[in-house]
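Beneath this line is the structure, given in structure tokens, with notes to follow.
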Amino acid sequence: MTCFNQLIRPYRPTDESAVVAIWYRSGRAAYTFLPAWQTFSLPQAQHVFQPDIATRCALWVALDEERVVAFMALKQHYIDRLYVDPCDQRQGWGSSLIDHAKSLHPQGLELHTHQANYSARAFYEKHGFIAVGFGTSPPPESAPDVLYRWGQKSSAQIIDPLG
């Protein structure tokens, strides 16, 4: 299914409550295998968002008309987060954000996702990302994860996105 009223634009501070709610709802739906996510509350998400995501990443939102339906957080060429509201998934929003990231960083992109997040893994692989490493995510999750690369960086040295 394709979205005909898609717009990708930079995040604005007025988007915060919608973006945090999408992050929270999507995480709860996707991460049923992560106890830390199942006990994570919306107030905790609001508390973490500004210092840990908004101030450290370039944020982009996907809009259907005026409604925020998805967001992506980039640390240069590293996709730190990409979430689509569960009620808006499988309509092209995630693909639009990936295409936008590719246009911003045609030299290549990297990201991590959890090994048990099979739908995300299939999504990224469908978009040309290649699994290049397996490890463990940082606390509080400390769960098996996978590093994906797309583009010319797919054969480059592993870069620590937090460093």
Side-chain angles (χ1 to χ4, degrees), residues 1 3 5-102 104-105 109-127 129 135-148 150 160-162:
M1 184 178 277
C3 307
N5 297 314
Q6 284 188 347
L7 173 68
I8 307 289
R9 68 157 167 77
Y11 167 88
R12 298 175 186 155
T14 55
D15 299 324
E16 183 172 330
S17 63
V19 167
V20 170
I22 288 167
W23 177 43
Y24 174 74
R25 286 191 298 269
S26 296
R28 295 272 303 190
Y31 304 136
T32 57
F33 55 90
L34 292 174
W37 257 98
Q38 297 311 305
T39 60
F40 193 51
S41 68
L42 182 56
Q44 287 172 316
Q46 291 165 329
H47 179 74
V48 168
F49 179 77
Q50 189 61 36
D52 291 351
I53 301 171
T55 60
R56 296 180 180 180
C57 299
L59 299 171
W60 298 90
V61 296
L63 300 170
D64 184 8
E65 302 290 333
E66 295 296 314
R67 185 174 61 93
V68 177
V69 296
F71 80 98
M72 175 177 60
L74 291 172
K75 288 180 182 173
Q76 299 173 8
H77 71 276
Y78 183 80
I79 299 175
D80 189 63
R81 297 170 206 283
L82 192 157
Y83 289 92
V84 178
D85 207 346
C87 65
D88 294 295
Q89 291 178 358
R90 304 198 184 285
Q91 296 180 35
W93 299 109
S95 296
S96 292
L97 286 167
I98 288 291
D99 291 345
H100 185 68
K102 287 177 176 180
L104 293 172
H105 298 282
L109 294 165
E110 293 181 335
L111 62 89
H112 283 88
T113 195
H114 295 286
Q115 290 182 32
N117 191 349
Y118 302 113
S119 62
R121 293 181 67 186
F123 170 79
Y124 293 123
E125 290 170 9
K126 175 181 129 183
H127 288 282
F129 284 79
T136 303
S137 64
E141 295 157 344
S142 301
D145 68 5
V146 56
L147 171 63
Y148 278 98
W150 168 84
D160 180 5
L162 304 176

Residue among Tyr31, Phe71, Trp37 satisfying ring-ring contact (aromatic ring centres under 6.0 Å, His included) with Trp23:
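That would be Trp37.
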Can a side-chain donor-acceptor contact be found between [Y] and [X] if the only test is distance below 3.5 angstrom?
X: Ser137; Y: His112; value: no
X: Tyr148; Y: Glu125; value: yes
X: Tyr83; Y: Arg25; value: no

Within the structure provided, determine whether [X] and [Y] are in side-chain contact (heavy-atom separation under 4.5 Å).
X: Met72; Y: Leu74; result: yes
X: Val84; Y: Ile22; result: no
X: Ile53; Y: Leu59; result: yes
X: Ser96; Y: Ile8; result: yes
X: Glu16; Y: Gln46; result: no
X: Leu63; Y: Val69; result: no
X: Phe40; Y: Pro140; result: no
X: Val68; Y: Tyr11; result: no

In plain terms, say whether Arg9 and Asp15 are close enough for a salt bridge, that is, a side-chain N and a carboxylate O under 4.0 Å apart.
yes
Heavy-atom pair with the smallest gap, counting every atom of Gly135 and Gln115:
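Scanning both residues, the minimum pair turns out to be O-NE2, 3.8 Å.
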Stepwise, does the ring-ring contact (aromatic ring centres under 6.0 Å, His included) test hold for Trp150 with His127?
CA-CA 8 Å; Trp150 168 84; His127 288 282; over 10 Å; no
Exam field: side chain [X] to backbone [Y], donor-acceptor pair closer than 3.5 Å:
X: Arg121; Y: Ala116; result: no
X: His105; Y: Gln76; result: yes
X: Gln44; Y: Ser41; result: yes
X: Gln38; Y: Arg28; result: yes

For Leu109 and Tyr78, what are the C-alpha separation, side-chain angles and deciding distance, and is it a side-chain contact (heavy atoms from CB on, under 4.5 Å)?
CA-CA 6 Å; Leu109 294 165; Tyr78 183 80; over 6 Å; no
Surrounding CZ of Arg67 (heavy atoms of other residues, nucleotides or ligands, distance under 6.0 Å), is the total greater than 12?
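Check passes, neighbour count above 12.
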Considering residues, nucleotides and ligands other than Gln50, do more than 12 of their heavy atoms fall under 6.0 Å from its CD?
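Yes.
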Ser119 vs Gln89, side-chain contact (heavy atoms from CB on, under 4.5 Å): CA-CA, chis, key distance, verdict
CA-CA 11 Å; Ser119 62; Gln89 291 178 358; over 6 Å; no
